[in-house]
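Structure first, commentary second.
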Protein chains: 2
Amino acid sequence: MTSLWERLEQADNSARPSLSARRIAEAAVSIADADGLEAITMRRLAAELGVAPMAAYRYVSDKNEILELMVDLVYGQADIPQGEDWRQTMRALALGMRALVLKHTWLTQLPAARAAFELTPNRLTLAERTLAAIRGADLDVDTAMSIFRTVTAYIHGATSAEVGLRQLSTERGWVSGDEARAGLSGQMTWLLGTGRYPEFARYTREAVRKDDLLWQFETGLEHVLDGIALRLATPGPG
Amino acid sequence: MTSLWERLEQADNSARPSLSARRIAEAAVSIADADGLEAITMRRLAAELGVAPMAAYRYVSDKNEILELMVDLVYGQADIPQGEDWRQTMRALALGMRALVLKHTWLTQLPAARAAFELTPNRLTLAERTLAAIRGADLDVDTAMSIFRTVTAYIHGATSAEVGLRQLSTERGWVSGDEARAGLSGQMTWLLGTGRYPEFARYTREAVRKDDLLWQFETGLEHVLDGIALRLATPGPG
DNA sequence: TCTATGAGTATACATCGTACGCACCGGCTT
DNA sequence: AAGCCGGTGCGTACGATGTATACTCATAGA
């Protein structure tokens, strides 16, 4: 069996199939968007496609392969910035990725985290643009890649945390942050009441930006970009 | 039903049970360490504990609850630094977490990513120590927490990526990085051969630190910590 | 018109999480 | 001492899931 991606491009038009890897992935994405990742069932998928449960196996060797296809499909929909100013580019990249993840929250929950990191075509494009954006500063390739990896790691970690928090909230039917904190009281008041976490308790009392998830994401991002700026700054001319 | 953590501490010693939430979690962790997360089956777990499949349900209402217990158990084993120098403390925190994740790679694969972000007691301890470490600089609580979140996000993202890469490798039986790249050729040579990714192709040719995963982790971490240092530096006295 | 190819189908199975009710044991009340 | 009773662990059973295997049948090329 050749590579999944290779097979994809060589769409053999010899027959006129009603199904395709693409259509399967699209259906899977729409199911996951609506009802979460665990709602993706070969049977449900087939029903959605108006087809028998086993039909998909003509185009996909595994359920996991469907997940890979889903990842690549949504990455393909991300508009990847292609800019001059590296910092603007990275900010756009980060915010774009965040929007993508918030739209498809299952991205953070893929059981095979592998899939999220495998080199799918669209992920490569992403790396490509980023590397191009910082090409100006003459860095060795290792450092250049480390910058890409760092930003990517932050994005991944921050969005995962945000999605986790959001899901925890909506799953329990909270809308406002205050409501959430009231709801958490059950678990949390007890924990905080133990007096073991004074700093954290202070945060819950005094913080102002607790519910401003965008502010949190952007602030963290600026921390990261500041650090990278140091690396990119040419040390000479100052 | 009261909170899971509450129930844990109020271990009612009225009876002499052979089982306990703790023992269940330990067994689950050892299974996951050995054979991966998907090897955790209620039946397998019971067999490992020398007990009938349904026995665990006396102590746990869900399989998901077992996952939560596992997370907290291993977080509890992490030695969380408690230092003076914030940068040393954070470095130690990051390297410790990395070691923990590499030891329990399933941490990055928890299907309910929620579990990884829920406020378990040991995770709170972690936040507590970190906040204490940067208490010196007088920051508002929001910024202080954003620093914690940023480092945490980087750690989470970077370790996930590293684990994903490692699993992809071992899963296909590669040991050396060169072997891995040779193995990836199938998928990758074709992709890179398309000429769509010149920057990335240059990296695969010229990079030197491709296989030094520790260097990659630490370098990214330094980028992040540099950015935070800017925030912590008192702007006055220079 | 015959036939081979390949798309979609039908049936079946092992394995999973877990609902439900039972058997049993030790400490309490009387 | 006798009997109840809460709680521990067990047995059975069920519906859902991923997928192996063998099929039907339409169509394109001869």
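Owing to the predicted nature of the structure, the values given are computational and were not obtained by experimental measurement. In what follows, every chain begins at residue 1, and chains take the letters A, B, ... in the order their sequences are listed.
Note: B:Phe217 and B:Tyr154 have tilted aromatic rings, judged against thresholds of 30 and 60 degrees for the angle between ring planes.
The side chain of A:Tyr57 contributes no N or O atom lying less than 4.0 Å from OP1 or OP2 of D:dT21.
In this structure, a donor-acceptor pair under 3.5 Å is present between the side chains of B:Gln109 and B:Gln167.
Aromatic ring centroids of B:Tyr197 and B:Tyr203 lie 6.0 Å or more apart.
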message = One pair to check against side-chain contact (heavy atoms from CB on, under 4.5 Å): A:Met145 and B:Phe200. What are the steps and the verdict?
response = CA-CA 9 Å; A:Met145 186 60 93; B:Phe200 195 89; 3.7 Å; yes

Kindly determine whether B:Arg23 and B:Glu26 satisfy salt bridge (Lys or Arg N to Asp or Glu O under 4.0 Å), including the steps that lead there. CA-CA 5 Å; B:Arg23 280 197 61 216; B:Glu26 286 170 350; 5.7 Å; no

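If you measure from atom CG of B:Asp35 to atom C1' of C:dT15, you get 17 Å, rounded to the nearest angstrom. A straight line from CE of A:Met54 to P of D:dA20 spans 7 Å, rounded to a whole angstrom. Nucleotide C:dC16 holds its C1' atom 13 Å from the CD atom of B:Glu38, rounded to whole Å. Computed from coordinates, the B:Tyr59 OH to C:dT18 C1' distance equals 18 Å when rounded to whole Å. The separation between B:Leu67 atom CG and C:dG17 atom P is 10 Å, rounded to whole Å. Nucleotide C:dC16 holds its P atom 11 Å from the CD1 atom of B:Ile31, rounded to whole Å.
In the set C:dG8, C:dA19, C:dG17, the nucleotide with an atom closest to the side chain of B:Lys63 is C:dG17. Side chain of B:Arg58, nearest nucleotide from C:dG8, D:dG9, C:dT18: D:dG9. In the set D:dG9, C:dG8, C:dC16, D:dG9 carries the atom at the smallest distance from any side-chain atom of B:Leu19.
Remark: A:Ile40, A:Thr41, A:Met42, A:Arg43 in residues 40-53 of chain A come within less than 4.0 Å of DNA chain D through at least one heavy atom.
B:Lys210 places a side-chain N or O within donor-acceptor distance of the main-chain N or O of B:Thr204, the cut-off being under 3.5 Å.
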